[in-house]
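See structure below.
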Amino acid sequence: MSPKPATPKSRTVLRLLERFGLVIVLLIIGTALTLLQPQFLTSANLLNVARQISINGILAVGVTYVLLTGGVDLSLGSIVALTGVVAATFAHPGEWPVLVPIALGILSGACCGALNGLVITRGRIAPFIVTLGMMTLARGLALLLSNGRPVSNLGTGFLAVGGDFLGFPVQILILLAIAGASRLFLSNMRLGRHIFAVGGNEEASRAAGLNVAGIKTFAYTMSGGLAGLAGVMLAARITTGQPNAGVAYELDAIAAAVIGGTSLSGGVGGIGGTLLGALLMGVINNGLDLLNVSSYYQQIIKGIIIIGAVWLDRRQRN
Amino acid sequence: MSPKPATPKSRTVLRLLERFGLVIVLLIIGTALTLLQPQFLTSANLLNVARQISINGILAVGVTYVLLTGGVDLSLGSIVALTGVVAATFAHPGEWPVLVPIALGILSGACCGALNGLVITRGRIAPFIVTLGMMTLARGLALLLSNGRPVSNLGTGFLAVGGDFLGFPVQILILLAIAGASRLFLSNMRLGRHIFAVGGNEEASRAAGLNVAGIKTFAYTMSGGLAGLAGVMLAARITTGQPNAGVAYELDAIAAAVIGGTSLSGGVGGIGGTLLGALLMGVINNGLDLLNVSSYYQQIIKGIIIIGAVWLDRRQRN
Amino acid sequence: MGWLLEICDITKSFSGVPVLNGVSLSLQAGEIHALVGENGAGKSTLMKVVAGLHQPDAGELRLDGNPTRFRSPHEALLAGVAMIHQELLPFLDLTVAENIFMGIEPVSGPGWIDRPALHRKTVELLDRLGLKIPPDRRMRELRVAEMQTVEILKALAHNARLIIMDEPTSALTDREAGALFAILNDLRQRGASIIYISHKLEEVFRLADRVTILRDGCHVATHPIGGITTEALISLMVGRPLANRPRSAPGRAAPPILSVRNLALGRRFNNVSFDLAPGEVLGIAGLMGAGRSSLLSALYGLDPADSGQISIGGRALKISSPRNALDAGIGLVTEDRKVSGFIPLFGPRQNMTLAALRRWCRFGWIDQAAESAVADEQIRLFGIRASGRDQPVLRLSGGNQQKVVLARSMLAGPGVLLLDEPTRGIDIAAKEEVHRIVSDLARNGTAILLVSSELPELLSLSHRLLVMCEGRITGTLDPRTTTQEEILTLAMPG
Amino acid sequence: DRPGTPEQPAKPGTKPIVIGVSLMNLASEFIGMINQSIEARAKELGVQLIVTDAQRSPEKQVQQVEGFIARKVDAIILNPCEVEASSPAVTKALAAGIPIINVNSETRTAPTAFVGSRDEESARIAMDYIATRLNGHGNVLMMQGFLGQAAQIKRDQGAREVLKSRPGLKLLADQTAEWDRAKAISLMENWIQAHGTNIQAVFAQNDEMGMGALLALEQAKLKEKVIVVSVDAISDALQAVKAGRLDATVFQDARGQGSTAVDTALSILRKQPFSPQVFIPFQLVTRTNISNYTK
Ligand SMILES: Nc1ncnc2c1ncn2[C@@H]1O[C@H](COP(=O)(O)OP(=O)(O)OP(=O)(O)O)[C@@H](O)[C@H]1O
Ligand SMILES: Nc1ncnc2c1ncn2[C@@H]1O[C@H](COP(=O)(O)OP(=O)(O)OP(=O)(O)O)[C@@H](O)[C@H]1O
Ligand SMILES: [Mg+2]
Ligand SMILES: [Mg+2]
């Protein structure tokens with residue numbers, strides 16, 4: 001911060017940088033990758049990246065709701081597995097209309113999320129513990145329902161969720177729709193505003209007459225429901241309901257949100273950042289594969305790049 | 001809280017209950033298990049439980065330091081793997097005195113922890129991101145150092161760490177020593193109290209002239225160092241330095257601490273509770289195995305019991 | 001004689017917005033120097049620069065004539081400069097003793113805390129202020145006023161040469177404040193210097209040797225206290241003389257809107273009964289811990305009562321959450337704005353509309369334009385000094401934060417307004433403004449229950465005055481005829 | 001003091017035999033199949049089982065065996081997570097005088113008996129098939145399992161042996177997809193970008209990843225040009241071979257391994273002769289012999 005006031009124009013640029021520090025980081029990484037491997041900047045590859053981030057993106061949008069209230073959701077990965085199994089069970093060809101498995105998947109995810117929210121708010125138990133319990137529980141349910149075996153032989157209607165629509169992968173369209181709606185909701189709807197309030201100061205929110213328990217439960221339900229959607233999308237992408245899918249997906253989702261500037265202590269953040277965070281993670285994964293970096297080094301480099309990117313971003317905002 | 005004042009005696013009992021709610025929960029679960037399967041209450045089995053919780057216990061004690069400052073450490077599991085590999089590399093029979101691998105294991109863990117702490121405090125980056133990066137990085141290092149293969153053929157001196165001493169498993173003795181020392185440290189030493197202060201109110205700590213960055217870095221270093229110790233103990237127990245060991249150990253460790261009453265937002269908690277939390281998790285695992293509950297149901301039941309135990313505990317304290 | 005501290009030409013701005021413009025101030029050893037100015041004038045910011053919490057953009061500090069720069073509060077403390085912050089900074093889960101001696105704990109052996117010594121020293125300090133707080137009680141269990149006294153003890157414990165006190169008495173009653181002044185006089189006698197920030201001008205005249213006035217981040221004047229009158233001081237602060245407010249009209253005779261019967265909550269208060277009519281301002285006086293705040297939060301459903309009846313407009317109600325209270329037309333301005341008053345990262349706009357957001361919504365969709373218009377109007381009405389309606393309230397000065405909280409409660413349009421220390425920490429002009437607003441609301445039919453530790457405020461605003469002591473109502477007085485002595489007799493236990 | 005239950009064919013008055021089973025990971029379809037055959041065989045023979053799931057953690061596996069020892073089971077069937085790290089379990093059981101049978105994979109410490117296959121062999125079979133199909137010349141990609149796990153290490157080893165002996169085969173890249181189908185799809189998508197039409201074959205160390213590679217190749221319309229082979233013969237993979245999508249998988253006889261392990265345990269307990277090492281061979285499954293593996 002310089003003591004002399006900046007000119008209006010340079011201040012606008014500074015503010016843009018501040019808001020979109022991650023965009024700059026992304027541009028830097030993107031340019032570096034393009035120089036090292038021109039293949040990176042082809043539309044086919046960029047579509048790939050988009051496809052690859054869509055599931056993590058949806059989960060990250062969902063968990064952003066929870067993080068904004070100051071909570072956390074560790075059960076996402078297991079819910080992805082459970083809902084994938086549920087959806088796949090109803091997606092065998094010719095048995096049910098395609099909307100049934102999709103709706104059931106989303107619904108079962110939303111139920112898990114609502115249960116999380118109710119136990120957290122009624123029982124006054126730390127979200128970490130409750131969602132950790134749900135993580136184990138939902139995984140067990142997924143294994144039990146599928147008897148430990150992948151549920152395969154899915155109908156083509158259902159599999160279309162993992163396919164393309166007018167040349168665009170359906171998953172990306174879903175991600176964009178969900179992210180857009182969530183952004184509008186959080187910034188323009190009353191309930192969205194209340195989510196920020198609860199995360200910003202729970203006690204003051206209660207004193208302002210907000211239904212804190214209801215608002216939190218809503219956030220967990222959204223998170224669970226979107227995990228259900230992600231489960232459906234994953235099942236369609238891998239053409240099977242895998243009871244052991246999605247392990248540790250929650251960590252990636254939370255990481256995307258936090259990289260994007262959402263605070264783990266609540267009240268700060270938003271969907272735009274979360275999407276950028278997911279994109280950054282996707283680009284790093286894709287780039288390291290394209291550059292053919294060996295597995296061991298990939299992990300080391302990935303760890304360093306993520307920390308470095310967040311550091312650069314925060315520095316720029318200062 | 002009833003309006004009529006309780007008699008002094010019943011109040012003492014109430015206060016005991018309040019402080020040791022988890023003890024009651026443990027007694028209930030223990031009694032139930034003994035009734036269902038008398039095998040539970042044999043000294044051989046109880047020693048088993050103690051042995052089984054020792055590694056998680058050490059990690060949980062370590063992460064308690066970090067949680068008390070209001071941080072989090074996701075890199076524990078990977079540090080366990082890395083330090084196990086480091087220690088095993090120097091533990092081949094007849095090459096180095098047994099203290100060398102042990103010291104190097106602990107030291108390399110402490111270095112990872114210190115690095116976490118430095119990046120978090122200097123770079124002002126969320127602990128979640130930094131330790132997530134370290135999680136990937138340390139795993140990559142462990143694979144690189146071991147070339148992706150278990151490091152075996154370890155000397156008997158080193159393996160003794162995983163054995164018995166006067167009929168008592170060495171690991172339990174280590175856990176008790178570490179927990180005892182940590183308890184004294186946290187409640188009676190200046191630095192220990194300062195850890196609580198930083199977690200309780202960082203701004204106030206800074207205003208009171210505490211070296212907040214130094215205190216946090218210390219906590220991460222302790223957490224990393226104890227993870228290093230756990231890595232050494234694990235390598236001795238499974239007689240090999242396994243680069244893929246310890247996956248998701250951090251979740252169990254954090255869960256033990258949180259079940260024991262340590263808050264994820266910092267400033268509240270302690271070692272006694274953490275040990276009880278680890279014990280509770282160990283008893284549940286052991287009991288479900290003893291009762292021959294099938295694997296899928298085990299996961300479901302475990303999730304429910306953990307949430308239920310914490311609920312009972314919090315209710316009792318009210 | 002030399003200066004203890006010289007503040008030379010300090011300039012400081014936050015993200016381009018100047019807050020201090022070349023402020024200079026010099027301080028003698030053994031002097032109590034008052035610092036006054038409107039909310040947002042820059043008093044706290046200047047003092048944070050002195051205490052090492054902020055770095056100045058330009059200018060310098062000289063301690064004993066030597067240029068100094070404190071890079072952290074730690075360095076300032078080492079040099080003998082301690083500060084009591086306007087916003088309380090308690091360690092809620094540590095004990096009173098640990099709070100007071102944080103960072104300077106007595107140790108025996110390397111790093112081992114000497115508990116008996118810690119206890120002894122804490123008791124000594126508490127005794128100096130005549131307090132009976134157990135040293136090993138957790139801060140969380142204390143009330144705001146007690147916390148504030150602990151903050152004061154923190155600074156005393158450092159044996160500092162220069163103690164900065166940023167509104168130390170904003171939550172104290174006259175009795176505790178009196179004890180504090182005795183200590184300050186004692187400290188002055190021993191050669192320590194004190195910079196004393198307060199909006200209570202009578203304290204300034206009672207205590208200070210000299211007074212400095214800040215306005216809009218600029219130094220306006222420094223005067224020996226004998227050389228200035230209250231009116232002159234006010235006009236220097238505000239930039240204009242204050243109009244005299246007409247005394248409020250007596251309440252109309254109307255059926256009560258709020259009736260409370262035999263309300264009780266644990267050992268905090270019991271057997272509380274009173275009626276409140278529309279248009280009436282009912283004041284409640286009492287000492288620290290009398291149960292006034294507990295009563296208000298019970299009426300508002302934050303900490304519901306165990307027994308007793310509350311009725312609104314003749315209808316008995318069960319109020320178990322603030323939502324119930326708001327729906328019944330009861331609003332509350334809480335005592336501790338930081339904990340339960342506002343959302344720190346929301347701007348004035350979002351904070352002010354929070355409790356009644358529905359009014360600016362259609363189908364759950366917020367009408368941002370209408371909301372902003374309302375916010376701007378309130379900002380103007382209350383004279384809130386903020387860089388915009390979306391500047392995080394966290395970054396506003398303490399008094400402006402209080403105004404935001406007040407504005408929110410008013411916007412909910414309650415029929416019964418509960419005010420708990422509504423003018424805590426706000427400047428004299430704004431206080432007049434709040435008093436005017438309270439009177440206006442009452443004139444327009446709002447029933448107001450007012451808790452305040454400032455007797456003059458209570459006496460001038462209320463139509464009727466209740467006195468509480470140890471959780472019970474000990475008397476009902478007519479503010480026009482009663483005296484401070486009469487109130488104190490009823491408020492004192494025994 | 002365990003009352004015999006009526007449906008057991010054991011002679012009245014004798015205690016039923018109790019076998020403790022520690023499985024590496026019940027969430028894996030293949031291990032689930034081994035478990036089912038163990039349970040089915042045990043039921044036929046009236047043996048009581050205590051089945052535990054180590055969820056891929058060798059430490060947990062050691063704990064479970066310690067538990068079996070404390071409960072004084074008659075025999076232990078161990079499906080080891082790791083060669084080295086699960087060895088203490090074997091050592092402890094032997095020290096306690098309880099016979100222990102390793103099923104499916106090995107530990108460094110020799111158990112009382114071993115029933116299973118050599119993982120290296122499965123990769124060798126798969127790579128040999130690729131070499132034959134490519135006439136010894138071409139570019140190959142390899143998807144690794146979870147790095148550092150016994151199965152990954154051995155399958156990697158087996159594959160590299162073949163690569164060494166066939167200089168015409170070039171390993172373009174190898175990378176882990178952690179046994180996971182979704183990760184494999186993403187990896188294959190990225191490989192297609194990086195290597196495009198240079199790819200002639202993909203060897204995936206398990207069928208899940210093989211299916212992932214297959215899906216990505218099909219989506220990019222490249223499957224016709226690339227051979228995909230994987231290991232395990234899970235039902236999805238068999239279906240894919242049958243449909244002519246997946247070129248080959250390598251069958252490992254889960255049922256044979258499970259029931260043989262129980263049989264061996266009983267022979268040991270009844271002091272009958274038994275063979276200390278039973279190797280159940282892998283079999284290559286292609287479209288030509290698929291009918292032997294699907295019902
Ligand atoms: N950290 C900050 N970032 C941005 N602006 C700030 C910050 N701290 C203070 N300000 C602004 O500086 C101005 C002066 O604030 P300060 O707290 O010094 O006022 P004050 O004189 O202490 O007022 P009060 O009597 O209300 O406490 C205010 O307008 C405030 O909004
Ligand atoms: N959360 C609580 N739990 C138990 N006792 C409490 C609690 N809060 C307050 N008390 C007790 O209730 C009594 C009344 O406290 P209260 O805060 O209502 O007083 P007050 O008159 O508002 O004082 P002040 O002027 O400081 O605001 C005190 O004796 C206090 O110790
Ligand atoms: Mg101030
Ligand atoms: Mg009060």
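Each chain gets a letter, A, B and so on, in the order the sequences are listed, and its residues count up from 1.
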So which atom in G57(B) and which in L175(B) form the shortest heavy-atom distance, rounded to 0.1 Å?
C-CD1, 3.6 Å
Is chain D contacted by the side chain of Q52(B), its backbone, both, or neither, given a heavy-atom distance below 4.5 Å?
both
Looking at CD of E120(D) and CZ of R160(D), how far apart are the two atoms once the value is rounded to the nearest 0.5 Å?
14.0 Å
So which of V247(B), T239(B), N244(B) has the biggest tally of heavy-atom pairs under 4.5 Å with chain D?
N244(B)
Taking the side chain as everything from C-beta on, heavy atoms only, tell me whether L41(B) gets closer than 4.5 Å to L46(B).
yes
The interface call for Q299(B) against chain D, heavy-atom contacts under 4.5 Å, is side chain
Let me know if L288(B) has heavy atoms under 4.5 Å from chain D in its side chain, its backbone, both or neither.
neither
Per-residue contact mode, V49(B) against chain D (heavy atom under 4.5 angstrom)
neither
Specify which of K72(D), K60(D), Q63(D), R108(D) makes the most heavy-atom pairs with chain B at under 4.5 Å.
Q63(D)
Check each atom of L49(D) against the heavy atoms of chain B and say whether the ones under 4.5 Å are side chain, backbone, both or neither.
backbone
Side-chain donor-acceptor pair under 3.5 Å between W191(D) and Q175(D), yes or no?
no
Atom CG in L291(B), atom CG in N286(B): separation rounded to 0.5 Å?
9.0 Å
Which one, V62(D), V83(D), I69(D), D156(D), leads in non-hydrogen pairs under 4.5 Å with chain B?
V62(D)
E84(D) side chain to T240(B) side chain, donor-acceptor N/O pair below 3.5 angstrom
no
Out of A85(D), A70(D), P58(D), return the one with the most heavy atom pairs under 4.5 angstrom to chain B.
A85(D)
Counting only heavy atoms closer than 4.5 Å, note whether R139(B) contacts chain D via side chain, backbone, both or neither.
neither
Which atoms of Q157(D) are under 4.5 Å from chain B, going by heavy atoms: the side chain, the backbone, both sets, or neither?
side chain
For E161(D), run the salt bridge (charged side-chain N to carboxylate O under 4.0 Å, His left out) check against R124(D), K154(D), R155(D) and tell me which one passes.
R124(D)
Distance alone, cut at 3.5 Å: any donor-acceptor contact between the side chains of Q252(D) and N104(D)?
yes
Provide the closest heavy-atom pair for L26(D) versus Y296(B) in the form atom of the first, atom of the second, distance.
O-OH, 3.3 Å
Where on Y249(B) is there a heavy atom nearer than 4.5 Å to chain D: the side chain, the backbone, both, or neither?
side chain
Would you mind checking which part of Q61(D) comes under 4.5 Å of any heavy atom in chain B, side chain (CB onward), backbone (N, CA, C, O), both or neither?
neither
With chain D, which of S152(B), A44(B), G241(B) has the greatest number of heavy-atom pairs at distances under 4.5 Å?
S152(B)
